[in-house]
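Structure record follows, encoded as structure tokens.
This one's a predicted model, so the numbers in the text were calculated from it and none came from an experiment. In listed order, ligands and their atoms are each counted from 1.
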Amino acid sequence: MYGSGMMKGFGVTIRNLFRKPVTVQYPEEKVRQSSRFRGQEFSWFEDRCTGCASCAKYCPLGIIRIVTSPSDRHKQDGADFNIDVFDIDQARCMYCGLCVEACPYDALHMGTNFEGAQLRRQDLVITVDVLRKRAKHPSTWYRPQLERQDFDPYKQEADMQTVAREPYYWHPKRPAMLPESARKEATADGEYK
Ligand code: SF4
Ligand code: SF4
């Protein structure tokens, strides 16, 4: 009885002796996150954004600031807005994703990065210029359309068509919003047939 208990104990020791170490030498090594990971850098697609500010209204912490001004574009369709300011204060962000859920046009997505340390608190504010320039690696969280495409944010970048729930075939006068194949079929005055 006593001996079998010892053998069991040794068995556990021997099994663990050959187990692969689980410690990761960060930052040299990184654990791969899930594609649904809600990372700290947001992916924003300006061409999809109307400036409606739903994301800002739904943020429980009120850390998104949007300022728009009327543009001269698409006046015949009711015009659209320039996005002059789109600040996200990630120092206070809790990555709940409610802003992403609230966006009616799939313009805003959680990102996948988690390394955004800064020396000064104010440098943690993500500005519209940063959002415009940064590579788009949207998380697949809350985006079944990305999962349907097996989109891998760690290997791929997304464009505004990739992140769309539906293709923009319904909008005949904006060839820029159509997929490349359909754009070729658009007539000179922008009518899609
Ligand atoms: S993830 Fe949550 S806390 Fe962060 S900006 Fe969006 S709604 Fe606000
Ligand atoms: S990101 Fe979405 S919710 Fe926010 S202003 Fe643009 S369209 Fe509206």
Side-chain angles (χ1 to χ4, degrees), residues 33-75 77-118 120-149 151 153-154 157-171 173-179:
Q33 319 293 325
S34 157
S35 63
R36 288 188 185 184
F37 178 70
R38 294 201 295 261
Q40 126 283 2
E41 104 283 30
F42 289 82
S43 286
W44 177 61
F45 295 86
E46 186 170 11
D47 287 346
R48 303 186 66 82
C49 180
T50 60
C52 68
S54 294
C55 50
K57 286 174 203 145
Y58 276 81
C59 174
L61 304 178
I63 58 171
I64 301 180
R65 192 168 76 95
I66 294 174
V67 178
T68 58
S69 56
S71 85
D72 292 330
R73 299 181 300 270
H74 311 301
K75 277 196 166 163
D77 301 333
D80 51 16
F81 289 88
N82 300 312
I83 314 290
D84 301 325
V85 176
F86 198 129
D87 286 350
I88 307 175
D89 184 359
Q90 62 169 327
R92 296 170 57 211
C93 180
M94 57 184 178
Y95 309 107
C96 62
L98 288 176
C99 52
V100 172
E101 286 188 43
C103 178
Y105 305 107
D106 293 346
L108 189 63
H109 302 249
M110 299 306 291
T112 42
N113 188 22
F114 58 90
E115 296 169 313
Q118 299 288 345
R120 300 183 317 159
R121 194 174 276 264
Q122 56 268 42
D123 292 339
L124 287 166
V125 176
I126 306 172
T127 63
V128 70
D129 293 330
V130 172
L131 287 170
R132 276 186 186 125
K133 279 189 212 142
R134 82 168 22 145
K136 312 270 192 270
H137 296 284
S139 164
T140 62
W141 175 81
Y142 200 71
R143 296 295 183 224
Q145 67 270 34
L146 291 177
E147 297 202 322
R148 272 200 300 276
Q149 300 171 60
F151 179 78
Y154 300 100
E157 272 195 57
D159 59 19
M160 60 175 279
Q161 295 297 340
T162 315
V163 295
R165 264 175 284 189
E166 303 292 341
Y168 270 97
Y169 290 110
W170 52 266
H171 208 307
K173 290 195 174 168
R174 295 193 190 179
M177 298 185 102
L178 296 169

SG of Cys99 to CG of Leu108: how many Å apart, nearest 0.5 Å? 5.0 Å
Under 4.0 Å from a heavy atom of Thr50: which atoms of ligand 2 are those, numbered in the order shown and with their elements? 7 (S)
Please write down residue, atom name and distance for the protein heavy atom closest to atom 2 (Fe) of ligand 2. Cys103 SG, 2.3 Å
Looking only at protein heavy atoms, which one is nearest to atom 3 (S) of ligand 2, and how far off is it? Cys55 N, 3.3 Å
Can you see which heavy atom on Ile66 is nearest to which on Gly51, and at what distance? CG2-O, 4.4 Å
Mind checking whether Ala102 has a heavy atom under 4.0 Å from ligand 2? no
Does the side chain of Ser71 come under 3.5 Å of the side chain of Asn82 through a donor N or O and an acceptor N or O? no
With a cut-off of 4.0 Å, which atoms of ligand 2 are near a heavy atom of Pro104? 3 (S)
Specify the protein heavy atom at minimum distance from atom 6 (Fe) of ligand 2: its residue, its atom name, and the distance to 0.1 Å. Cys49 SG, 2.3 Å
For Leu131 and Ile126: C-alpha separation, side-chain torsions, deciding distance, then whether side chain to side chain contact (heavy atoms under 4.5 Å, CB included) applies. CA-CA 7 Å; Leu131 287 170; Ile126 306 172; 3.7 Å; yes
Contacts of atom 2 (Fe) of ligand 1 with protein N/O/S atoms, counting only those under 2.8 Å: Cys96 SG
His137 vs Asn113 side-chain heavy atoms within contact, under 4.5 Å: no
Interatomic spacing from CZ in Arg121 to CZ in Arg92 - rounded to 0.5 Å: 9.5 Å
Identity and distance of the protein heavy atom lying nearest atom 8 (Fe) of ligand 2: Cys52 SG, 2.3 Å
Given His109, which of Trp44, Phe45, Phe42 fulfils the ring-ring contact (aromatic ring centres under 6.0 Å, His included) condition? Phe45
Can you tell if the side chain of Arg38 reaches within under 4.5 Å of the side chain of Tyr142, non-hydrogen atoms only? no
4.0 Å heavy-atom contact, Ala56 with ligand 2: no
For a quick test of reading the model, state the closest non-hydrogen atom pair linking Met160 to Asp47 and the distance between them. SD-CB, 3.3 Å
Contact check, side chains of Ile88 and Arg65, non-hydrogen atoms, under 4.5 Å: no
Enumerated ligand 2 atoms positioned under 4.0 Å from heavy atoms of Tyr105: 7 (S)
Under 4.0 Å to a heavy atom of Ile66 - the qualifying atoms of ligand 2, by number: 5 (S)
A side-chain contact here means heavy atoms from C-beta on lying under 4.5 Å apart; do Phe151 and Pro138 qualify? yes
Give the residue, atom name and distance (to 0.1 Å) of the protein heavy atom nearest atom 5 (S) of ligand 2. Ala53 N, 3.1 Å
